[in-house]
Amino acid sequence: MTSDGGALLLGRTDRRLNLVARVAACFRDRRNAAYVSHSVQGLIAQRVYGLALGYEDLSDHDQLREDPLLAMLSGKAQVGEEPLAGKSTLNRLELSTEKTDRYKKIHCQTEALDELLVGIFLEAHASAPERLVLDLDVTDLPLHGHQEGRFFHGYYDSYCYLPLYIFCGEHLLCARLRTADQDAAAGSKSEVERIVTQIRRLWPTVEIVLRADSGFCRDELMQWCEEHGVSYLFGFARNERLRRLIEAPMQEAKRQHQASEKPARVFTEFRYETTTGSWSRARRVIAKAEYLDKGENPRYVVTNLSAASWPAQPLYEELYCARGETENRIKEQFSLFAARVSAETLRANQVRLYFSAVAYVLLHGLRRLGLQGTELARAQAHTIRLQLLKIGAQIRITVRKIWISLASSFPRQNIFAHAWTELLR
């Protein structure tokens, strides 16, 4: 018996995407084949499927290694006769090093994994879109031990890592683990340059817009965008000088609020240049002069998008405010245990972050390819897991076949059948 009968959908999604095999190709295996019982592809499949199904710890695999369904999905030839890898073997996979090591002989090629994440995103489009909006954001991954690079971050009030995520809609393009003793935008230019280069290799004329909060409003990143034909839309931190520039719009918003007793907002824009010289040129700034029951609530964004194509109000309300959807994608990373960065080294924790990212790509592939047109088409990862993957099933192994009988009382069986049919295409 198993409670994970819906994992069959994950296996079918993996076949459509050819995901696990391509992730395994990003690892170099220096082990002696004569002594190998578990292939790299099998190890990665076991770990990624485990994360997608809700098994966050390596110690969970001491019991999962006897699960015939997981063994079948992981590619074991003798299902029911040979166990999967235990926690120690999986741990050695995560603890791979760049140099040859006596005990850790599987090496993760991070550059290849980075390229694969963008490649899967490109494959999801039948033709080049007119515009791509890349969302940049950071979050905190709390640390509870003495991991490499441990640093106390004042804003999050804890010891943590500060990973950089880049999404395009629901597609994950980058998951870069970083220490917390640096600026939120640190390293973002090189990641954006890598991603934009790979995208334009296939779609040279596509319009690309970077979107992020004020933590990424840095001259280095904006100047690179201006020099390489990339648009940007970043939040801009408030200051007294900016407030003085919107005095008239703010007073107008106050009058509207007093007249209607409802929140009022007035938009304006102007060319702005820093007095400290931190910006290399003057740039277009849009201001939202908002007045609420609690008082003033000004907000600012800076962009190189033209006023002709994007007037101030739709630029802020339609384009910039849509950035909030990225928060839901980051929540999904947590539901796939991206915060379990409890390995000793930064490199090992980066590998763990990659595995959570691959589990997200797998579940998003199921959502994108199998669940369109159903009530779970916009469901988050943990909802898909609870409602579609956690199905009671009976497993019977015969000489020629493995029989999996799903619970006939499963309430989502129509959605399951729809997803299965769609994934067979």
Side-chain angles (χ1 to χ4, degrees), residues 1-21 23 41-57 60-61 63-76 79-80 84 120 124 170 172 328-329 331-338 355-397 401-425:
M1 301 296 295
T2 179
S3 61
D4 299 319
L8 291 170
L9 292 176
L10 296 180
R12 182 58 61 181
T13 304
D14 181 34
R15 287 189 182 184
R16 280 286 298 271
L17 298 176
N18 191 27
L19 178 62
V20 170
V23 172
Q41 183 171 333
L43 293 173
I44 293 173
Q46 182 181 343
R47 184 67 168 125
V48 170
Y49 284 131
L51 291 171
L53 291 169
Y55 301 108
E56 56 186 304
D57 292 320
D60 295 331
H61 289 267
Q63 284 73 42
L64 289 173
R65 65 192 307 233
E66 304 295 341
D67 186 342
L69 180 58
L70 188 59
M72 183 187 73
L73 294 173
S74 299
K76 278 293 181 183
V79 176
L84 292 166
I120 292 172
E170 295 184 348
L172 176 60
N328 292 326
R329 306 287 76 78
K331 288 177 183 176
E332 291 191 279
Q333 306 307 303
F334 288 135
S335 68
L336 294 165
F337 315 112
F355 286 152
S356 293
V358 173
Y360 171 81
V361 172
L362 185 64
L363 279 171
H364 175 55
L366 170 58
R367 181 169 56 200
R368 175 171 58 87
L369 299 172
L371 297 178
Q372 291 304 310
T374 73
E375 59 188 87
L376 296 181
R378 298 287 295 166
Q380 293 200 8
H382 69 278
T383 302
I384 294 173
R385 177 193 298 146
L386 291 176
Q387 299 202 22
L388 206 59
L389 303 184
K390 292 296 182 180
I391 310 173
Q394 182 187 64
I395 302 172
R396 292 183 295 118
I397 302 174
K401 294 183 179 180
I402 300 173
W403 299 85
I404 301 175
S405 305
L406 300 177
S408 59
S409 60
F410 175 53
R412 301 287 187 184
Q413 54 187 284
N414 291 337
I415 297 179
F416 185 97
H418 173 87
W420 184 264
T421 301
E422 291 296 315
L423 290 169
L424 285 176
R425 294 183 178 180

For L366, does its backbone N or O pair with a side-chain atom of R16 as donor and acceptor, under 3.5 Å?
-> no
Donor-acceptor contact present, side-chain H418 to main-chain Q372, <3.5 Å = yes
Separation of T383 OG1 from L388 CG (nearest 0.5 Å) | 11.0 Å
Does the side chain of R368 come within less than 4.5 Å of E170's, by heavy atoms?
-> no
Close side-chain approach of L73 and L10, heavy atoms under 4.5 Å | no
Check whether any side-chain heavy atom of L8 sits under 4.5 Å from a side-chain heavy atom of M72, and report yes or no.
-> yes
Going through the checks in order, is the side chain to side chain contact (heavy atoms under 4.5 Å, CB included) test met by Y49 and L70?
-> CA-CA 8 Å; Y49 284 131; L70 188 59; 3.7 Å; yes
The reported gap from CZ in R47 to CG in L64 (rounded to nearest 0.5 angstrom) is 10.5 Å
Do any N or O atoms from the side chain of S74 and from the backbone of K76 form a donor-acceptor pair under 3.5 angstrom?
-> no
Quick one: CD1 on I391 to CG on L406, what's the gap to the nearest 0.5 Å?
-> 5.5 Å
What closest approach, in Å, do G365 and T13 show between heavy atoms, and which atom pair accounts for it?
-> C-CG2, 3.6 Å
CZ/R12 to OG1/T421 distance, rounded to the nearest 0.5 angstrom?
-> 10.5 Å
Residue pair L17 / L369, side-chain heavy-atom distance below 4.5 Å | yes
Nearest-0.5 Å distance, CD of residue Q46 to CG of residue L51 | 11.0 Å
Show the numbers, then the answer: is there a side chain to side chain contact (heavy atoms under 4.5 Å, CB included) between I120 and L19?
-> CA-CA 9 Å; I120 292 172; L19 178 62; 3.3 Å; yes
Closest contact, heavy atoms only, L69 versus A7 | CD2-CB, 4.3 Å
Please check if the side chain of S3 supplies one atom and the backbone of K390 the other of a donor-acceptor pair under 3.5 Å.
-> no
Going by heavy atoms in the side chains, are T374 and N414 under 4.5 Å from each other?
-> no
d(D14 CG, L423 CG) to nearest 0.5 Å is 11.0 Å
Check the pair L376 / Q387 against side chain to side chain contact (heavy atoms under 4.5 Å, CB included), numbers first and verdict last.
-> CA-CA 9 Å; L376 296 181; Q387 299 202 22; 4.0 Å; yes
Who passes salt bridge (charged side-chain N to carboxylate O under 4.0 Å, His left out) against E422, sequence neighbours left out?
-> R425
Any side-chain heavy-atom pair from I384 and L371 closer than 4.5 angstrom?
-> yes
Counting only N and O atoms by type, is there a donor-acceptor contact under 3.5 Å from the side chain of E332 to the main-chain atoms of A381?
-> yes
Hey, are the side chains of R329 and L172 touching, using non-hydrogen atoms and a 4.5 Å cut-off?
-> no
Do H364 and R367 have side-chain N/O donor and acceptor atoms under 3.5 Å apart?
-> yes
Without swapping roles, check the side chain of D60 against the backbone of D57 for a donor-acceptor pair under 3.5 Å.
-> yes
Can you check whether S408's main-chain N or O pairs, donor with acceptor, with Q413's side chain at less than 3.5 Å?
-> yes
Under 3.5 Å side-chain donor-acceptor pair for D4 and Y55 | yes
Taking C-beta and beyond as the side chain, do D67 and H61 meet within less than 4.5 Å on heavy atoms?
-> no
May I have the step-by-step check of side chain to side chain contact (heavy atoms under 4.5 Å, CB included) for F355 and I44, ending in yes or no?
-> CA-CA 8 Å; F355 286 152; I44 293 173; 4.2 Å; yes
Here the pair of heavy atoms bringing L336 nearest to A52 is CD2-CA, 4.0 Å
